[in-house]
Amino acid sequence: MYKFDEIMERRGTNCSKWDRLKELYGRDDLLPLWVADMDFSVPPAISSALNKRAEHNIYGYTYCGDEYYEAVIGWMGRRHNWDIKKEWIVFTPGVVPALSLAVKAFTKPGDKVIIQSPVYHPFYDVIRNNGRYIMTNPLIYKDGKYTMDYDDLEEKIDSRTKILFLCNPHNPVGRVWTKKELTRLGEICLKNDIIIVSDEIHSDIIYRDYNHTVMANISPKIRENCIVCTAPSKTFNIAGLQVSNIIIPNDKLRNRYEIEFENSRISGPNIFGIEALIAAYNNSEDWLDELLVYLEGNRDYFINFINKRIPKIKTIKPEGTYLMWIDCSELNMNSAQLRDFFVNKCRLALNDGEMFGKEGQIFQRVNIGCPRIILEEALIRIESEVNCL
Ligand SMILES: Cc1ncc(COP(=O)(O)O)c(C=O)c1O
């Protein structure tokens with residue numbers, strides 16, 4: 001019913017993905033499959049809620065009312081089987097700001113924060129920029145699949161290790177961590193007094209046969225040791241509205257986070273973000289269910305095309321997220337050469353794997369949240385250039 005095949009013109013709207021190509025990639029004539037937003041129109045309930053609110057013509061200061069919190073509670077209960085309380089929810093205008101606040105709230109300068117590389121690049125920035133140390137616990141990549149390295153984790157933890165940043169589901173490798181994997185991780189953290197900050201921004205984009213587990217929903221003990229970062233931004237393509245909800249069941253941890261939030265003087269919500277979240281969580285579930293079918297079709301189309309026609313590239317099948325992680329090791333290029341190849345030969349704007357950590361050097365990340373015909377064009381460009389190598 002929804003028109004995910006429709007090509008929407010995004011150029012000329014100050015759109016990061018389409019309008020910053022020259023600045024970031026050095027040329028304009030690229031198909032952009034990089035930053036994580038989608039080229040789809042939002043669900044109709046969101047557009048009509050925003051249009052209606054825009055007509056009021058006064059856009060002053062605002063706050064999250066009961067309807068907002070009820071929408072978040074309803075969503076977490078229905079979609080993620082997690083009963084949460086209103087007071088656990090802390091509105092924050094973005095998950096990345098929340099990660100930075102968490103670093104400041106729960107660690108001191110010189111402390112260590114664990115990340116499981118390759119991983120979403122701002123994880124590095126919010127640790128480093130706040131004067132804390134990054135402790136990498138690289139994922140194991142074997143037979144085309146990524147898993148966690150618990151032995152390495154236990155070996156590296158010391159008295160200065162205070163937080164683990166979990167990416168659940170994982171950007172860029174596309175893993176939807178199982179309850180078993182998360183339980184083992186959670187227990188290691190509990191044993192060592194390490195707070196888990198679970199970034200679950202991609203948790204609504206899960207493919208058939210996989211289930212998302214909310215880290216804090218595993219056991220009461222883990223819940224008390226966990227901060228869960230959620231948002232409607234990836235799910236409903238509203239990243240430009242800066243709405244996220246940080247769910248912190250433990251009163252002490254939540255108080256510390258809230259103090260840091262206050263001290264930072266970060267702004268509260270914006271009017272349109274509030275309206276969009278309510279419309280998204282209350283009235284757009286059918287859109288999301290159709291989107292998931294479409295994205296799965298994109299994923300399978302992409303994988304089949306690569307396997308049949310570009311066998312030198314290997315795809316890592318994502319279990320969630322609209323991001324494909326492709327292994328280009330057989331192209332025998334270093335990171336700079338790969339970038340040059342995809343930009344100047346294939347004329348595609350992708351994300352260099354290296355930005356997610358050194359483990360990503362021979363990878364690229366491809367955003368498949370676009371009409372299939374765009375993906376098809378991108379794949380044809382890659383095929384013809386790989387054949388010329
Ligand atoms: C894992 C992860 N966390 C956070 C974000 C961005 O969050 P926000 O725009 O709410 O700061 C992204 C965006 O791609 C992401 O992939």
Side-chain angles (χ1 to χ4, degrees), residues 15-17 20 24 32-39 42 72 89-103 113-127 129-130 139 146 163-177 196-206 212 214-215 227-247 257 261 264 266-270 272-274 276-277 280-281 295 318-325 349-353 355-357 360 363-370:
C15 160
S16 296
K17 195 180 193 176
R20 295 186 69 196
L24 299 174
L33 303 172
W34 62 290
V35 67
D37 70 21
M38 301 184 282
D39 294 328
V42 298
V72 178
I89 305 169
V90 188
F91 168 88
T92 306
V95 167
V96 174
L99 298 174
S100 183
L101 290 174
V103 167
V113 179
I114 307 159
I115 58 169
Q116 297 178 302
S117 49
V119 74
Y120 181 54
H121 49 290
F123 280 23
Y124 294 84
D125 304 333
V126 298
I127 302 169
N129 298 349
N130 283 310
L139 298 173
Y146 282 88
I163 303 188
L164 176 131
F165 274 173
L166 170 67
C167 200
N168 177 34
H170 193 96
N171 170 10
V173 311
R175 277 300 316 278
V176 173
W177 304 113
I196 301 169
V197 177
S198 185
D199 178 342
E200 305 196 3
I201 197 167
H202 294 281
S203 60
D204 296 314
I205 314 278
I206 306 290
H212 173 67
V214 175
M215 186 69 192
I227 282 132
V228 180
C229 305
T230 69
S233 47
K234 302 288 154 197
T235 319
F236 295 102
N237 211 23
I238 52 172
L241 295 175
Q242 278 97 19
V243 192
S244 72
N245 294 293
I246 311 309
I247 306 175
Y257 179 87
F261 190 110
S264 73
I266 290 180
S267 305
N270 77 69
F272 294 104
I274 291 179
L277 177 137
Y281 282 174
L295 288 176
E319 300 167 350
T321 81
Y322 49 76
L323 306 165
M324 296 285 314
W325 186 236
L350 310 181
N351 284 104
D352 296 327
M355 71 170 26
F356 303 94
F363 290 81
Q364 294 280 305
R365 192 189 75 174
V366 187
N367 177 346
I368 59 168
C370 60

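For ligands, and for the atoms within them, numbers begin at 1 and follow the listed sequence.
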## Note on the structure
Closest heavy-atom pair, W177 versus Y146, reported as atoms and distance to 0.1 Å, is CZ3-O, 4.2 Å

### Query
How far apart are the closest heavy atoms of K17 and W34, and which atoms are they?
O-NE1, 3.0 Å

### Task
Would you tell me which option among Y120, F123, F165 has the nearest heavy-atom contact to atom 12 (C) of ligand 1?
Y120

Indicate yes or no: at least one non-hydrogen side-chain atom of [X] is less than 4.5 angstrom from one of [Y].
X: K234; Y: D204; value: no
X: V197; Y: C229; value: yes
X: S203; Y: P169; value: yes
X: F91; Y: V243; value: yes
X: D199; Y: F123; value: yes
X: V119; Y: Y124; value: yes

At less than 4.0 angstrom from any non-hydrogen atom of [X], what atoms of ligand 1 do you find?
X: G94; result: 10 (O), 11 (O)
X: H202; result: 1 (C), 15 (C), 16 (O)
X: C167; result: 1 (C)
X: A36; result: 14 (O)
X: N171; result: 15 (C), 16 (O)

Where does [X] meet ligand 1, judged by heavy-atom distances below 4.0 Å: at the side chain, the backbone, both, or neither?
X: Q242; answer: neither
X: P122; answer: neither
X: P97; answer: side chain
X: V96; answer: both
X: I201; answer: side chain

## Note on the structure
If you scan protein heavy atoms around atom 1 (C) of ligand 1, the nearest is D199 OD2, 3.2 Å

### Message
Does the plane of the ring in W325 sit parallel, tilted or perpendicular to the ring in F363? Use 30° and 60° as the thresholds.
### Response
parallel

### Message
Can you classify the ring geometry of F261 versus Y257 as parallel (below 30°), tilted (30 to 60°) or perpendicular (above 60°)?
### Response
tilted

Please say whether [X] places an N or O atom under 3.5 Å from an N or O atom belonging to ligand 1.
X: K234; value: yes
X: V95; value: yes
X: S233; value: no

### Query
Does some non-hydrogen atom of P93 fall short of 4.0 Å from ligand 1?
no

### Query
Is there a heavy atom of S244 sitting under 4.0 angstrom from any atom of ligand 1?
no

### Message
Protein heavy atoms near atom 14 (O) of ligand 1, is at least one of them under 4.0 angstrom away?
### Response
yes

### Task
Give a yes-or-no answer on whether the side chains of H212 and E200 include a donor-acceptor pair shorter than 3.5 Å.
yes

